[in-house]
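Every chain is numbered from 1, with letters handed out A, B, ... down the list of sequences.
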There are 2 protein chains.
Amino acid sequence: MKILITSGGTNESIDQVRAITNHSTGQLGKIIAETFLETNFPVTLVTTKHAVKPQPHPLLHIVEISNVESLQSSLEPLVKEHDVLIHSMAVSDYTPVYMTGLDEVEQTNKIRDLLTKSNTETKISSQNDYQVLFLKKTPKVISKVKEWNPAIQLIGFKLLVDVSKEELFAVTRESLAKNKADYIVANDLRDINSEGHKAFLVDKETEQLASTKEEIAQLLLKLVLEKR
Amino acid sequence: MKILITSGGTNESIDQVRAITNHSTGQLGKIIAETFLETNFPVTLVTTKHAVKPQPHPLLHIVEISNVESLQSSLEPLVKEHDVLIHSMAVSDYTPVYMTGLDEVEQTNKIRDLLTKSNTETKISSQNDYQVLFLKKTPKVISKVKEWNPAIQLIGFKLLVDVSKEELFAVTRESLAKNKADYIVANDLRDINSEGHKAFLVDKETEQLASTKEEIAQLLLKLVLEKR
């Protein structure tokens, strides 16, 4: 059984110097990878330059990506040749289109036209007091996984911030159905800290609680083995 | 002689999950700190969580900051009690004010009014196809250093992308005068790669070339000792 894991956070460039990113460190994906390697499953870890990574291991293959575009193109062939995808990477949901001074936006009749522009400069000037950055939605990579490989076991992740358990489960089950995922690890940023990492492994009917990253990884291993 | 060094890149939060950052790794600041520690100068390194850092050393004190605001408040008292500041940190020049869907921007008569708004949600919704992020200029921390401590030796950094040597020197000398810096390390992103790190140590009259991070650090040590 070949395990594909994603970890870390994608990075969307504004220009050659600036980027939009997220606070993901890759720590959870690293622990999940180590847990599967300990059980002697071959693991492909798709991650980013800055993410923390497991020590080299004869069964571990690491693929580095940067932004959503490179994630998608790297993942498609890999999904087709793996049996399980544990997609813990924090994928940017927006990517920069165009950044300009507030003046240009104020002077434009049809703001939507600015979406057809792009920056040609390599480092956008910092003369203006205010800048406006237009962003567009990135493709939802997780929604393509079962198209690429209907037989793959798909485990997604959903991170919300400061919501009720009911809302967390409702949003998670919506994502579960939409992406044809087998499980989704649902967590709230409020419950991730130096003390622990509370998460629920959610499927259509059940929610199983884990309290640390190690417990999440062990529970994933158990569920993957059961579904095999 | 007490040496204050900044390294890494500041991180400006958009919400609790997303942030704007830059590609700085902290590698150069790490090497500069190590170079001064080897000569037994006490070093205070102001850096970020994700930056690479020197090994612990009895003369090294590390202070972690996140964004421009925390940089400024941490740096002010430190500048007053150090003799040299080598400010290699990549400081964000803009920070998020407000992020909203394109619809709200299109429907607003006076776009400037949106600058008075702020996001109350902890994770901004990703329903819209397009988002618009308004950013404002951050305070120029380097311009305050000589106000805080007129006697400090100040070494700034200037990173441009793909410009001529003439333009690089002109922009650098403008920054040198404006910030009352003693030297500025001028570099072009094009010249920073796995092969080396080309930079010029620029003062009012001269430009001294270094070709690697180690050479930059050695040259800084030499110049600081000369000026003492």
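Considering only heavy atoms from C-beta on, Val132(A) comes within 4.5 Å of Val132(B) through its side chain. Side-chain atoms of Glu106(B) and Arg112(A), non-hydrogen and from C-beta on, do get closer than 4.5 Å to each other. Put simply, the side chain of Leu135(B) reaches to within 4.5 Å of the side chain of Met99(A), judged on heavy atoms. Looking at heavy atoms from C-beta onward, Gln16(B) lies out of side-chain contact with Asp162(A) at the 4.5 angstrom threshold.
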Report task. Could you walk me through whether Leu159(A) and Val17(B) pass the side-chain contact (heavy atoms from CB on, under 4.5 Å) test, one step at a time? Result -> CA-CA 9 Å; Leu159(A) 177 70; Val17(B) 175; 4.2 Å; yes
Query - side-chain contact (heavy atoms from CB on, under 4.5 Å) assessment of Ile111(B) paired with Ile111(A) - result: CA-CA 10 Å; Ile111(B) 286 169; Ile111(A) 286 169; 3.3 Å; yes
Requested in this report: Walk me through it: do Arg18(A) and Asp93(B) pass the test side-chain contact (heavy atoms from CB on, under 4.5 Å)?
Outcome: CA-CA 10 Å; Arg18(A) 308 175 181 98; Asp93(B) 41 17; 2.8 Å; yes
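Of the two parts of Tyr94(B), only the side chain, counted from C-beta on, holds a non-hydrogen atom closer than 4.5 Å to a non-hydrogen atom of chain A. Neither the backbone nor the side chain of Ser92(B) comes within contact range of chain A; no heavy atoms are under 4.5 Å apart. Of the two parts of His23(B), the backbone and the side chain both hold a non-hydrogen atom closer than 4.5 Å to a non-hydrogen atom of chain A. Interface remark: Ser13(A) contributes side-chain atoms only to the contact with chain B (heavy atom separation under 4.5 Å). With a 4.5 angstrom heavy-atom cutoff, Asp103(B) touches chain A only via side-chain atoms. Of the atoms belonging to Leu114(B), not a single heavy atom falls under 4.5 Å from chain A. In this structure, the portion of Asn11(B) lying under 4.5 Å from any heavy atom of chain A is its side chain and not its backbone.
Sequence neighbours left out, the pairs with a member in residues 171-185 of chain B that pass salt bridge (charged side-chain N to carboxylate O under 4.0 Å, His left out) are Lys146(B)-Asp182(B), Arg173(B)-Glu207(B), Asp182(B)-Lys227(B). Residue pairs that meet the salt bridge (charged side-chain N to carboxylate O under 4.0 Å, His left out) test with at least one member in residues 130-143 of chain B, sequence neighbours left out, do not exist here.
At a heavy-atom cut-off of under 4.5 Å, chain A is reached by Leu189(B) from residues 184-199 of chain B, listed in order of number.
Counting heavy-atom pairs closer than 4.5 Å to chain A, the top residue among Leu102(B), Thr21(B), Val163(B), Val97(B) is Thr21(B). In terms of heavy-atom pairs under 4.5 angstrom with chain A, the leader among Ile14(B), Asp129(B), Asn22(B) is Asp129(B).
Crowding of Glu69(A) atom CD: a count of heavy atoms from other residues, nucleotides or ligands under 6.0 Å not exceeding 12.
Shown here are the side chain to side chain contact (heavy atoms under 4.5 Å, CB included) partners of Gln27(A), two or more places apart in sequence or in another chain: Thr25(A), Lys30(A), Ile31(A), Val52(A), Lys213(A).
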